[in-house]
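Because the structure is a prediction, the values reported are computed rather than measured.
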Amino acid sequence: MKQKNKAVTLHEVRLLFENKFPELLAGAVDSPDEASFRQKIDAYLSDASWNAEGVRVVRRLLEYDGRVIHELSVGEDVKVETLALLWRFLSGRIGEDEISPDFALELYHQFSRLHDGPSGVPEKEDVLRWMRRWPDGLNEQVRAIREANKERIMALLVRKIEHRPASSGRYVFPEGCSEAEKLGWVSRWWGEARFHLSMAVKSATELNRMLDGTLSGETLRIYQQAQEKGIPVFVTPYYLSLLNPTGKGYDDAAIRSYVIYSSRLVETFGGIRAWEREDIVEEGKPNVAGWLLPGGHNIHRRYPEVAILIPDTMGRACGGLCASCQRMYDFQSRRLNFELEKLKPKENWNTRLRKLMDYFEHDTQIRDILITGGDALMSRNATLRNILDAVCKMAVRKRQANLSRPDGEKYAELQRVRLGTRLPVYLPMRVDDELLDILRDFRQKAVEAGITQLFVQTHFQSPLEVTPESREAIRRILSTGWAVTNQLVYNVAASRRGHTAKLRKVLNSLGVICYYTFTVKGFEENYEVFAPNARSLQESAEEKAWGRLAPEAEHDFLESLDGAPNKAVAVRQFCAAHDVPFLATDRSVLNLPGIGKSMSFALVGVDAKGRRILRFDHDRTRRHSPIIDRVHEVYIRENKPVYRYLLQLQDMGEDMGEYETLWAYTEGETERRFPFFEYPVPDFSVTSRYTNLDVGEGEVRDLRPDW
């Protein structure tokens, strides 16, 4: 199993069972049917010498065997046949085309836990060693390779501009320019965000040219099919300059996996379903979480206190299309796209914006608005200023209206505004002087409106994305008084040992506080990049553990950050004083369809392909829509077996032995929210009454936690 690129066979797994579990194998052979085999397993588990945690896991598999569960991600009923399949495999009653080695190997590891006790947390030096494997974009060697890459790309952009008609906009060369002068123009334009959007790669042919012809024939074929199916291609020259077409010097798999599409994505595009069912909005009808929303797709909502605002502006586009985009369904339906000119606000946008503000103003519970898309910073400055001004005025009106409401009947007031953006990664030159003025101006007005938490919520995926340009963009945003937070999507390349820990360290050194680490949503389109939830738990327990703080230290950190003139210096000094390589402030979660974010789950089954079936519970540390009372367990079948994931890591050069504890992560509990991300405690009592909610008949409880 440790030989590179050699997958284990069913015969080899059977030999493992013969050597380690001869009684189990004999019991399967002697059992005339599944029921008899289940009885033998039940008796087998009564051995007092077995590891209690292993017994608990196998008993749960026994409990669910034969049940039919409703798998929520695809909306289908699935029969759990874990031990029935194991009986047929061990007794020789099933063909090799009916089950995979992944299934047999998963069950072998779960039964092995009866013998094996829990493994300890790796030593701190092991984690630091893993982290040192991953350079960041500030590394001198990395910068040298990228500078050469940039020069090559700029020369290609000269040719591209030469073939544009003279009427094609501002990025044309003056007549009579020499070659050197043309390169000089492109070098100056390189610092303008509009230039990169104008010159963005939109075809596989151009993408290959920008990557120095290094794309394989298979990748080009996939891209050709992608374009035929209508999957957009959109990558800025700046981001392409971060990739490493030489194949030497640094491993760019984590950022390359954002640009390069997989065959599975292309095959499924057109049939992709909305993972977040609450994003399906029909006017006059509640969404799956029970919220009534204005017509259209401007407001998404699952929680009482939080709403997402997606403006009808250029904010419906992004600085690039990530291959694992969490909103690929919206690109498929073309609500999000890259037709930038067509996305400019229409004349009726201001009227619609006022109606959206009315929704927030008259809602009893909302106190957190996330402006996103697409990407919040794709909106032009004037448009973004208009949106933020509307939000601020709404918050002031809501606060003033509360003065006439008695305590206990007051509405929740707006306390947090967030801008969701990946442009500090894709297009850091977007953070210009005018944007900084807008952020400063809003911060000053926010005081009057009672808004105390202002976050620019970025999406760095890899330490390689932290470049001198993005570092400067972060510094400038922090200078306005807004906090910068980060959330990453935990794909295969980013899940390698030490990679996310290094990202935390690098971002912390710039003053960024990490917020979420998301498991990739497990539909088939994301098969290639999906890392199992077990790996997220493993990283949290074995790597992120070295950045956790005691409650007193958390309090000290918040005090050191509050009022610090330089947030980056304050974070670095705190980490040094407490001897932690990074701050473990992010929560590892999966966005569940309909009931929000959670990492509270238990393994209840394994299908014939070796995919884990997980029973999820919602995050009980936060408020949910009252409809949660009617939502029992949520079942999700992961799209990839653990062993297939390990083989992917092995193909990337990873040592499987460094991940050997992965199989044992079969139960999770959602981490508590780091205090930095808690809402301020209001000095009045908010009404328990809900507006904009329809959960049908039945009791509605206020699930407010104790403040």
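Each of Lys597, Arg302, Arg587 was evaluated against Asp619; a single residue qualifies, Arg587, per the salt bridge (charged side-chain N to carboxylate O under 4.0 Å, His left out) test. Among Arg301, Gln365, His362, the single residue meeting the side chain to side chain contact (heavy atoms under 4.5 Å, CB included) criterion with Asn692 is Arg301.
Judged by distance alone, the side chains of Glu671 and Ser540 do bring a donor and an acceptor atom under 3.5 Å apart. Under the 3.5 Å distance criterion, with hydrogens and angles disregarded, a donor-acceptor pair is assigned to the side chains of Gln461 and Asn491.
Aromatic rings from His196 and Trp189 are positioned such that their centres are separated by 6.0 Å or more.
Among residues two or more places apart in sequence or in another chain, the salt bridge (Lys or Arg N to Asp or Glu O under 4.0 Å) test is passed with Asp437 by Arg440.
Around NZ of Lys393, the count of heavy atoms belonging to other residues, nucleotides or ligands within 6.0 Å does not exceed 12.
In this structure, Arg422 is positioned above the aromatic face of Tyr426, its NZ or CZ under 6.0 Å from the six-membered ring centre and within 45° of the axis. Arg352 forms no cation-pi arrangement with Trp349, by the criterion of a distance under 6.0 Å to the ring centre and an angle within 45° of the ring axis.
Closest approach of Leu693 and Ala289 over heavy atoms only: CD1-O, 4.3 Å. Considering every non-hydrogen atom in both Leu558 and Pro675, the closest pair reads CD1-CB, 3.6 Å. When all heavy atoms of Phe677 and Arg416 are compared, the closest pair comes out as O-NH2, 2.7 Å.
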Extract all donor-acceptor atom pairs below 3.5 Å that involve side chains of residues 569-578 and protein atoms in other chains or at least two apart in sequence.
{"residue": "Arg572", "atom": "NH1", "partner": "Ser509", "partner atom": "O", "Å": "2.5"}
{"residue": "His578", "atom": "ND1", "partner": "Phe574", "partner atom": "O", "Å": "3.1"}

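In summary, Glu469 and Arg146 do not engage in a salt bridge, as defined by a charged side-chain N under 4.0 Å from a carboxylate O.
Sorted by first then second residue, the side chain to side chain donor-acceptor pair (under 3.5 Å) pairs that include residues 441-450, not counting sequence neighbours, are Asp389-Lys445, Asp441-Lys445.
Aromatic ring pairs are classed by plane angle as parallel below 30°, tilted from 30° to 60° and perpendicular above 60°; the pair Phe676 and Phe455 is parallel. Ring-plane geometry between Tyr171 and Phe195 is classed as perpendicular, the angle between the planes exceeding 60 degrees on a 0 to 90 degree scale with a lower cut at 30.
Residue Leu464 holds its CG atom at 10.0 Å from CG of Leu138, rounded to the nearest 0.5 Å. Between Lys150 atom NZ and Ile145 atom CD1 the span is 16.0 Å, to the nearest 0.5 Å.
Without hydrogens or angle criteria, Arg430 side chain to Leu377 main chain gives a donor-acceptor distance under 3.5 Å.
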